[in-house]
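Only one structure is covered here, and it is reproduced in the block below.
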Amino acid sequence: MKKSIFLGTLAVAGLAAGLASAQTLADVQARGTLKCGSNEGLAGFAAPDANGNMQGFDVSLCRAIAVAALGDAQAVEFVPLTSQTRFTALAAGEVDVLVRNSTWTLSRDTDLKLDFKGVNYYDGQAFMVNTALGVSSARELDGATVCIQTGTTTELNLADFFRVNNMTYEPVPVATNAEGQQQYLAGACDVYTTDMSGLAATRATFESPADHVILPEIVSKEPLGPAVRHGDNEWGDVVYWVLHALIGAEEYGVTSANVRELAAAPTENPEINRLLGTEGELGAMLGLPNDWAVNVIAAVGNYGEIFEAHIGENTPVGLARGLNAQWTDGGLMYAPPFR
Amino acid sequence: MADTTEMPQDKFRLSQLLYDARYRSMTIQVVAAMLLMLSLAWLVDNTIQNLAALGKDFSFSFLGTTAGYDINQQLIPFTSQDTHARAALVGILNTLLVAFLGCILATVIGVLAGVLRLSKNFVVSGIMTFYVEAMRNTPLLIWILIVFAVMTEATPQPRDFREGGGAEMILWDSVAISNRGVFVPKPLWGEGSGLVVAVFLLSLAAIFILRRFARKRQEQTGQQLPVFRLSLALFFVPALLVYFIMGAPITLEVPELGGFNFVGGIQIRNSLIALWLALSLYTSAFIAEIVRSGILSVSRGQTEASFALGMQPNRTMQLVILPQALRVIIPPLISQFLNLTKNSSLALAVGYMDVRSTLGGITINQTGREIEGILLLGSFYLIVSLIISSVMNLYNSSVKLKER
Ligand SMILES: N[C@@H](CCC(=O)N[C@@H](CS)C(=O)NCC(=O)O)C(=O)O
């Protein structure tokens with residue numbers, strides 16, 4: 001009896017939000033806002049600006065999806081999630097899509113019943129230390145105290161890296177990036193480890209970023225991308241193609257500045273025409289208006305513009321395109337054909 | 001019984017179920033039970049359906065798979081290659097450790113604060129009132145974070161202990177207080193140390209016997225033995241003698257700086273200290289109030305009578321008031337111990353790897369087994385609570401008024 005009461009309570013607690021039906025697109029449109037699971041604050045990826053408006057690389061993808069589904073870049077409710085709560089929140093239907101530096105892995109894709117819809121940042125795990133320690137390689141970290149966010153792939157990679165290299169370490173688990181940063185700066189850990197992009201973003205907010213180095217070793221593959229619930233393929237398609245419209249737009253030279261002009265009349269390039277809906281009915285196939293991509297690019301820019309505005313080399317975060325360049329430039333960003 | 005069977009059948013009408021006082025309470029209970037069962041069935045069914053809709057099954061097999069993560073504080077050996085079940089066990093032991101330490105310290109501080117709050121000295125009782133109110137009226141989480149912040153921000157880093165770093169070890173260079181925790185010497189058990197320990201345990205037993213003997217003697221003859229001084233001698237002398245005869249087999253491994261951190265010795269992590277202190281301070285405020293109410297429940301006449309017999313104030317407290325007050329104190333004290341144990345699940349806030357952080361945190365997160373994990377976690381806290389309260393109930397029945 002006790003046990004069943006407990007199970008019942010659990011059921012209420014866990015699923016009170018109600019399991020979102022398989023009609024996420026229709027739900028979002030009926031609600032009029034998109035619920036986007038995001039960071040609690042990671043400069044360049046998702047953080048409020050001086051006016052309290054959420055800005056960032058991941059935020060822009062949320063806004064792009066909102067434009068496609070609702071025609072309004074402001075119709076997004078950002079739900080801050082920790083690394084521990086994010087997948088549960090998505091599975092329970094508290095958010096429609098999760099764009100939160102989340103790594104695409106097999107077990108998350110299958111066992112956690114998520115679907116990753118492409119990759120918006122190819123990343124890898126790195127280590128950051130204070131220059132005063134005089135460390136120049138991750139292989140010199142034997143015996144170090146390491147701050148890690150719990151519930152991440154980081155945690156597992158870290159255990160593997162130290163074990164494989166026959167080194168010991170003392171893990172200091174933290175729940176959020178903010179906590180990790182505070183502990184690291186207080187010297188409660190020698191090393192802070194997470195995705196390279198996250199380290200760069202965190203370091204950008206330090207008082208003296210030059211006092212900290214990110215060690216050269218990248219110890220894992222962290223393809224970060226938007227995730228949706230497994231089973232709602234229509235919604236998954238929308239998320240997938242919004243991301244790849246941004247990537248494709250950069251490849252074809254469509255920017256927020258010229259998209260209206262290019263969409264005014266069919267151009268020489270049929271791929272651009274189909275992307276922008278001046279040719280064909282691709283929008284209808286996704287259940288979206290035919291000019292969805294025009295509105296998306298006009299509102300947030302193409303992938304390259306978003307990258308440069310929030311995390312590129314001219315921002316405090318200062319990340320190079322690297323793997324995230326277009327495939328035509330030797331990177332991995334590659335949009336399938338729009339046809 | 002015989003009467004009812006002989007009653008003519010047609011006399012019973014359905015409306016009697018509602019209007020007849022003999023049946024009404026029965027009817028209400030049956031209906032309530034049915035409604036309860038129905039809603040439970042609905043909840044369970046809902047859970048099962050939703051799990052199925054998500055395509056998830058219900059299984060505990062994840063417990064046998066490799067955990068893959070490391071745990072800093074381990075009372076039993078654990079590596080990332082061990083199973084989730086073992087990670088849960090490591091967490092359980094950490095929970096029990098902090099709960100045990102917390103209950104002891106909370107009781108000590110709580111009794112002190114409760115007694116002092118009754119002090120006739122205005123300053124002392126004022127300070128204690130302030131302490132109790134400040135602790136009781138702020139959330140526990142804040143105290144945990146405050147203690148933790150002090151421990152990490154106000155203490156030196158290990159590298160500051162290097163030559164010229166400005167920090168120094170205390171107690172003849174054997175203890176280091178750093179922002180990674182407190183490093184204390186570790187006893188190394190050499191050959192013959194077993195004998196020392198055995199002698200020490202025997203002395204403890206001897207002290208116990210001595211006290212019983214002294215009490216008996218006092219009851220029979222009225223003569224008192226210098227129990228305290230004898231116990232003290234028994235405590236130290238035999239064990240120390242054997243220790244030196246055996247050639248000092250127990251040595252201390254003093255923590256030393258090595259690489260990034262101190263090596264050797266025992267590391268008491270800041271997370272443990274913060275959680276332990278905060279839980280103890282917070283709970284002690286409640287215990288203080290319980291102790292105070294217990295003492296006040298013993299009528300003043302008892303104190304006066306005891307004084308009239310020539311007893312000193314502290315013996316009056318020990319022999320007259322506390323034994324009676326305990327009867328009032330124990331039952332609410334049990335629930336404070338339960339609270340402390342359950343509150344220890346706030347450990348995650350400072351990264352203390354208790355069972356909530358291992359099984360209920362990382363394991364759930366890496367395996368996606370929320371319902372299973374939370375069920376196990378809930379059952380664990382339930383079982384621990386039941387054990388604590390039954391042990392304390394046993395103690396309670398040993399101190400409560402024996403009615404014959
Ligand atoms: N990619 C890893 C790590 C994700 C992660 O938690 N990243 C951190 C730093 S890159 C973050 O986003 N923290 C923000 C926050 O705590 O709000 C994963 O998916 O497990």
Side-chain angles (χ1 to χ4, degrees), chain A residues 1-15 18-19 22 83-85 87-88 91-92 107-108 111-114 132-133 141-145 147-148 150-153 155-156 158-160 162-163 169-175 179 182-183 186-191 229-231, chain B residues 36 39-51 53-56 62 67-72 79-81 149 151-153 156-160 178-180 258-261 263 267 269-271 348-349 351-353 357 361-362 364-371 374-375 378-379 382:
Chain A
M1 187 66 170
K2 274 256 164 60
K3 203 165 168 187
S4 53
I5 293 179
F6 191 69
L7 193 73
T9 325
L10 265 181
V12 183
L15 302 157
L19 191 74
S83 23
Q84 291 226 13
T85 55
F87 300 125
T88 316
S107 61
R108 287 175 178 176
D111 209 25
L112 295 194
K113 298 293 173 199
L114 307 178
L133 285 184
L141 292 178
D142 194 8
T145 305
C147 281
I148 29 158
T150 63
T152 59
T153 48
E155 189 166 52
L156 308 179
L158 181 71
D160 285 347
F162 275 83
R163 184 170 49 85
Y169 71 106
E170 154 95 12
V172 176
V174 296
E179 223 178 277
Q182 184 243 326
Q183 296 264 63
C189 42
D190 304 302
V191 187
R229 279 179 295 280
H230 181 85
Chain B
L36 187 68
S39 47
L40 281 180
W42 179 79
L43 284 172
V44 172
D45 181 60
N46 190 41
T47 313
I48 293 172
Q49 272 189 18
N50 280 329
L51 279 177
L54 275 173
K56 285 187 173 185
F62 69 96
Y69 59 91
D70 282 301
I71 299 178
N72 47 19
T79 73
S80 60
Q81 296 308 101
M151 293 299 300
T152 49
E153 305 273 354
Q157 301 188 20
R159 66 179 131 110
D160 293 340
S178 80
N179 66 355
R180 308 282 163 81
F260 289 97
N261 212 338
V263 286
Q267 177 181 12
R269 289 178 180 75
N270 277 339
S271 50
L348 192 59
Y352 181 74
M353 298 307 271
S357 309
I362 303 180
I364 284 190
N365 212 262
Q366 301 291 6
T367 59
R369 298 284 168 184
E370 292 97 352
I371 300 206
I374 296 288
L375 262 179
S379 327
L382 183 70

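We name chains A, B, ... by the order of the sequence lines, and we start the count at 1 in each one.
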Practice problem: Output the distance between atom CZ (B/Arg269) and atom OG1 (A/Thr145), rounded to the nearest 0.5 Å. | Solution: 9.0 Å
Quiz prompt | Backbone N/O of A/Arg163 and side chain of B/Gln81: donor-acceptor pair under 3.5 Å | solution = no
Quiz prompt | Engaged part of A/Tyr169 at the chain B interface, taking heavy atoms whose separation is under 4.5 Å | solution = side chain
Quiz item: So how far is it from B/Ile362 CD1 to A/Ile148 CD1, rounded to the nearest 0.5 Å?
Solution: 6.5 Å
Quiz prompt | Contacting moiety of B/Thr367, where chain A heavy atoms sit under 4.5 Å | solution = backbone
Exercise. Examine whether an atom of A/Leu158 lies under 4.5 Å from a heavy atom of chain B, and if so say whether it belongs to the side chain, the backbone or both; otherwise answer neither.
Key: neither
Practice problem: Could you verify whether a donor N or O on one side chain and an acceptor N or O on the other, from A/Asp160 and B/Ser80, lie under 3.5 Å apart? | Solution: no
Exercise. Examine whether an atom of B/Ala41 lies under 4.5 Å from a heavy atom of chain A, and if so say whether it belongs to the side chain, the backbone or both; otherwise answer neither.
Key: neither
Exercise. Can you tell which part of B/Ala149 gets under 4.5 Å to a heavy atom of chain A, answering side chain, backbone, both or neither?
Key: neither
Quiz item: If every non-hydrogen atom of B/Gln366 is compared with every non-hydrogen atom of A/Thr152, which pair is closest and at what distance?
Solution: NE2-O, 2.9 Å
Exercise. Taking all heavy atoms of A/Asp190 and all of B/Phe260, pick out the closest pair and write down the distance.
Key: OD2-CB, 3.5 Å
Quiz item: Going from CG on B/Asn365 to OG1 on A/Thr85, what distance comes out if it is rounded to the nearest 0.5 angstrom?
Solution: 8.0 Å
Quiz item: Can you tell me how far OG1 of B/Thr152 sits from CD of A/Gln182, rounded to the nearest 0.5 angstrom?
Solution: 6.0 Å
Quiz item: B/Ile364 versus chain A, heavy atoms under 4.5 Å apart: side chain, backbone, both or neither?
Solution: neither
Quiz item: Of all of B/Ser271, B/Ser178, B/Gly368, B/Gly68, which one pairs up most often with chain A through heavy atoms under 4.5 Å apart?
Solution: B/Gly68
Quiz prompt | Under 4.5 Å from any heavy atom of chain A - which part of B/Met353 | solution = side chain
Quiz prompt | When B/Arg180, B/Gln267, B/Arg369, B/Met151 are compared by non-hydrogen pairs under 4.5 Å with chain A, the top option | solution = B/Arg180
Quiz item: Taking every heavy-atom pair that is under 4.5 Å apart, which of A/Ala188, A/Gly143, A/Cys189, A/Gly151 has the most such pairs with chain B?
Solution: A/Ala188
Quiz item: How long is the gap from CD on A/Glu170 to CG on B/Asp70, to the nearest 0.5 Å?
Solution: 10.0 Å
Quiz item: What's the spacing between B/Glu153 CD and A/Gln183 CD if we round to 0.5 Å?
Solution: 8.0 Å
Exercise. Under 4.5 Å heavy-atom distance to chain B, tell me which part of A/Ala175 shows up: side chain, backbone, both or neither.
Key: neither
Self-check item: Check: A/Gly187 main-chain N/O paired with B/Asn179 side-chain donor or acceptor under 3.5 Å
Solution: yes
Quiz item: Pick from A/Ala159, A/Ser107, A/Ser83: which one has the most heavy-atom pairs with chain B under 4.5 Å?
Solution: A/Ala159
